[in-house]
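In what follows, a structure is listed as structure tokens, so that the remarks can point back to it.
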Amino acid sequence: MAPAPGLRLTLQELSDRELRDIGLTRSEIDYVTPERAIETLRDSATQLWSRGVI
């Protein structure tokens with residue numbers, strides 16, 4: 001299943017560092033699904049929260 005065109009454009013606008021922060025690489029942009037992106041962001045936020053960063 002291909003990602004929604006709007007999602008792909010938004011992810012392509014991120015810098016390499018921003019993509020790494022959410023656990024993605026440029027080569028994964030075409031394969032990411034909205035559900036995976038949300039899970040990755042949630043997991044990253046949970047990890048930061050547990051370390052007291054947020």
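These numbers were taken from a predicted model, which means no experiment stands behind them.
- Take R26 and apply the side-chain hydrogen bond (donor to acceptor under 3.5 Å, both in side chains) test, not counting sequence neighbours, and it matches D16.
- One finds the CD atom of Q12 at 9.5 Å from the CG atom of L19 (value rounded to the nearest 0.5 Å).
- The shortest side-chain heavy-atom distance between L14 and I29 does not fall under the 4.5 Å cut-off.
- Residues satisfying the side-chain contact (heavy atoms from CB on, under 4.5 Å) test with E39, not counting sequence neighbours, are R42.
- To the nearest 0.5 angstrom, D43 atom CG is 11.0 Å from L48 atom CG.
- For S27, the side-chain contact (heavy atoms from CB on, under 4.5 Å) partners at least two apart in sequence or on another chain are T25.
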